[in-house]
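Here the structure comes first, spelled out in structure tokens, and everything after it is commentary.
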Amino acid sequence: MLCDICKKNEATIHIKELHSGEIHTANLCSTCASEKEKNGELSALGFNLAEMLCNLGKISSAIKSHQESPAESATVCPKCGWTIGRIKNSGGRLGCPTCYNAFAPMLSEAIQNVHRGSVHLGKRMQSASPDGRVALETELSSRRHELDALVKREEYEQAAVCRDKINQLKAALDKMSTDEASHE
Amino acid sequence: MNNQIDRLLAKRVSFLADAGPDEDIAISSRIRLARNLADHRFPVSADAEELHEICNAVSSAAADSGALGCPECFSFDPEKLDELDREFLLERRLASRDFLNRQTGTRLLVKSDESCSVMINEEDHLRVQTMLPGFQLDAVWKQIDELDSQLGSRLNYAFDDRLGFLTSCPTNVGTGMRASVMLHLPGLVLAGQIAPTIQGINKLNLAVRGIDGEGTANQGSLFQISNQSTLGESEPQILERLNAVIGQLIVHEKNARRLLLQRDQFSLLDHVGRSYGTLRHSYKLTGEEALNCLSGVRVGVDLGMFTSLDIHTVNELFIGIGAAHLQKKEGRVLSSLERDICRAALCREKLKI
Ligand SMILES: [Zn+2]
Ligand SMILES: [Zn+2]
């Protein structure tokens, strides 16, 4: 089925809603849906469609709208040869794991827009390097500085969010210590 | 023709046919993990040779681990399947359309009871999936965590100390986990409360999708609730957040059904009765009509209107009425009209009481 708006792309978002006894249907492609979402037109349908698109829409629009510096546009991933242009054309998908390093500045911005945090607090493979602890500790200390600054500026709402993050990081570090102890 | 497909067809679909917690409202719980090999390009940029290399590496790790290598397990190469068989795997919720369309260096491994599967070279090198009946994400997590550790000890996963598991799309980076529960919410739909409810869920950074998981909304009052964010929380934290919201939704749905019974009993009974009548006495049924009527009958079973009808019979029909399932059952390609006739015959037969 083709998108109701552009009549070109395949419609991947189908919304059906009962409105005073009548069924309203909208079939949109992800591009048109995220376009409409940006203009705030979708609330008329009764749904916040933005959230029904997978985050892909948000990632790709964050990446698409990124204004790269000349140095950035010249960057080539040493492993797969992809550029920012190529990533933009593939809907925000990367070429290989090394791309995360090669395009770190652009990605960290996009990732912050989509996820609830910027550091992995979940599962680690046992064969993974012990540096995981270092990454968490670095993050913890930068969050502590952030918290001090927020409290000084009396931004208490933000500070509460930051404090939650600190507690999560501490819990993750604690868990790592007990896991290590139980393996010895 | 693929005789593994015929073996699957003959099996009951355990995530629909078995009992699970809160099964009056929650149909199934599913978790999928995205994983990649450190030394390879992602499928989107890898060439055919590299894709085959990845496919072989993952297949032998799976066979080694014993998890997916037993003789009763299934292994499908989509490029060798015909269109109908691929459609069948899609309806069975074992593979995504994107995966089945790819066809170079792809492979699907399925455990004999269909509870676990691995798509090799979908958007990521591995998409591991586990599914159980009812509302039990914690049990699903326990299973998939174990399977993932077995595979991960034999493969060099792409992992970054700060970002966690690296995925082709940054949408999935971190845990690589998408957990979802399929809910049947006819009470909220009939009471006109579904739109505000969904808006409320969206504010919590969780997603709502329709039955096929690919964006279709509100068919048969079936909704899939899943997490959006994969980075910044541990897997148990993400599941805890989802569990809390789904627990609330289940309470809302129960209240909506109770209120409908109190305030507008005959409308509700009429809706169920007409749904049953249509399924029991039709000779031509489209997929959409059948799905919506099954949804109505499912509420009736919960209300105790059909004491000799098992809710799992209704659940299994959700998949059984699919175009590919009907055609595999008949053993031939059917026209759209023939499908509608077979679908009606199946419903008449299964819903006898
Ligand atoms: Zn469009
Ligand atoms: Zn790369």
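Computation of the quantities below employed the complete heavy-atom set of this structure, encompassing side-chain atoms and omitting hydrogens, waters and symmetry-equivalent molecules.
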Exercise. Name the option with the most non-hydrogen atom pairs under 4.5 Å to chain A; the candidates are B:T167, B:T175, B:I238.
Key: B:T167

Quiz item: Top residue by heavy-atom pair count (under 4.5 Å) with chain A, among B:G174, B:A158, B:S168, B:A38?
Solution: B:S168

Practice problem: Side-chain contact test, heavy atoms from C-beta onward, threshold under 4.5 Å: evaluate it for B:F159 versus A:P97 and give yes or no. | Solution: no

Quiz item: What do you reckon, is CD of A:E155 surrounded by more than 12 foreign heavy atoms closer than 6.0 Å?
Solution: yes

Quiz item: Counting only heavy atoms not in B:E240, do more than 12 sit closer than 6.0 Å to its CD atom?
Solution: no

Gap separating the [atom1] atom of [X] from the [atom2] atom of [Y], nearest 0.5 angstrom:
X: B:L37; Y: A:C96; atom1: CG; atom2: SG; value: 12.5 Å
X: B:T230; Y: A:R116; atom1: OG1; atom2: CZ; value: 12.0 Å
X: A:K123; Y: B:L33; atom1: NZ; atom2: CG; value: 7.0 Å
X: B:L151; Y: A:M125; atom1: CG; atom2: CE; value: 8.0 Å

Quiz item: What are the two closest non-hydrogen atoms of A:K79 and B:H40, and how far apart are they?
Solution: NZ-N, 4.4 Å

Quiz item: At their closest point, which heavy atom of B:S45 faces which heavy atom of A:G95, and how far apart are they?
Solution: OG-O, 2.7 Å

Quiz item: Contact part of A:L94 toward chain B, heavy-atom cut-off under 4.5 Å: side chain, backbone, both or neither?
Solution: both

Exercise. Can you spot which of B:L231, B:V173, B:D161, B:L163 makes a side chain to side chain contact (heavy atoms under 4.5 Å, CB included) with A:H120?
Key: B:L231

Quiz prompt | Chi angles and distances behind the side chain to side chain contact (heavy atoms under 4.5 Å, CB included) call for B:S234, A:Q168 | solution = CA-CA 9 Å; B:S234 68; A:Q168 287 173 6; over 6 Å; no

Exercise. Go through A:L121 and B:E233 one step at a time and tell me if the side chain to side chain contact (heavy atoms under 4.5 Å, CB included) criterion holds.
Key: CA-CA 5 Å; A:L121 296 177; B:E233 293 167 294; 5.7 Å; no

Quiz prompt | Residue part contacting chain A, namely of B:N156, when any heavy atom lies under 4.5 Å | solution = neither

Exercise. Pick whichever of A:V119, A:T98, A:I87, A:L107 has the most heavy-atom pairs under 4.5 Å with chain B.
Key: A:V119

